[in-house]
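Residue numbers run from 1 in the order of the sequence given.
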Amino acid sequence: MTTAEILAELPSLAHEISAGRLTVDARPVPLADVEQVWRTDEYPSQRVVLLP
């Protein structure tokens, strides 16, 4: 996809998110633990989100 194609989809994506039809199974992890989290596959179905 080109940058223009991605940008063209953003309004639709924002609508789906705000309507609650798009969710992400996120796992918040402190930035200090980044090395530990990256070395494991303990959370294969979750998206790791690093927190300051």
Side-chain angles (χ1 to χ4, degrees):
M1 291 184 87
T2 67
T3 301
E5 290 171 325
I6 294 169
L7 290 175
E9 291 299 319
L10 287 179
S12 175
L13 180 59
H15 177 74
E16 294 299 311
I17 292 169
S18 64
R21 290 189 288 263
L22 179 66
T23 60
V24 175
D25 185 12
R27 173 83 176 179
V29 175
L31 185 57
D33 297 339
V34 67
E35 288 184 46
Q36 175 187 349
V37 172
W38 262 207
R39 283 189 232 140
T40 182
D41 59 351
E42 186 176 341
Y43 315 109
S45 66
Q46 294 179 308
R47 180 166 186 100
V48 173
V49 178
L50 298 173
L51 303 175

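Counting heavy atoms of neighbouring residues, nucleotides and ligands inside a 6.0 Å radius, atom CZ of Arg47 does not exceed 12 of them.
Of all heavy-atom pairs spanning Pro28 and Leu51, the tightest one is CB-CD1, 3.5 Å. For Arg39 against Glu35, the heavy-atom pair with the smallest separation is NH2-OE1, 3.0 Å.
With hydrogens and angles ignored, the 3.5 Å screen pairs a side-chain donor or acceptor of Glu5 with a backbone N or O of Thr2.
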Intermediate values then yes/no, side chain to side chain contact (heavy atoms under 4.5 Å, CB included), Thr3 and Ile6
CA-CA 5 Å; Thr3 301; Ile6 294 169; 5.6 Å; no
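To the nearest 0.5 Å, atom CD of residue Glu16 and atom CD of residue Glu9 are 10.5 Å apart. In this structure, CE on Met1 lies 9.5 Å from CG on Leu7, to the nearest 0.5 angstrom.
Under a hydrophobic clustering in which Ile, Leu, Val, Met, Phe, Trp and Tyr are joined whenever their side-chain heavy atoms come within less than 4.5 Å, directly or via other members, Ile17 and Leu10 fall into the same cluster.
Under a 4.5 Å side-chain heavy-atom cut-off, the cluster of Ile, Leu, Val, Met, Phe, Trp and Tyr residues that includes Val34 is completed by Val29, Leu31, Val37, Trp38, Val48, Leu50.
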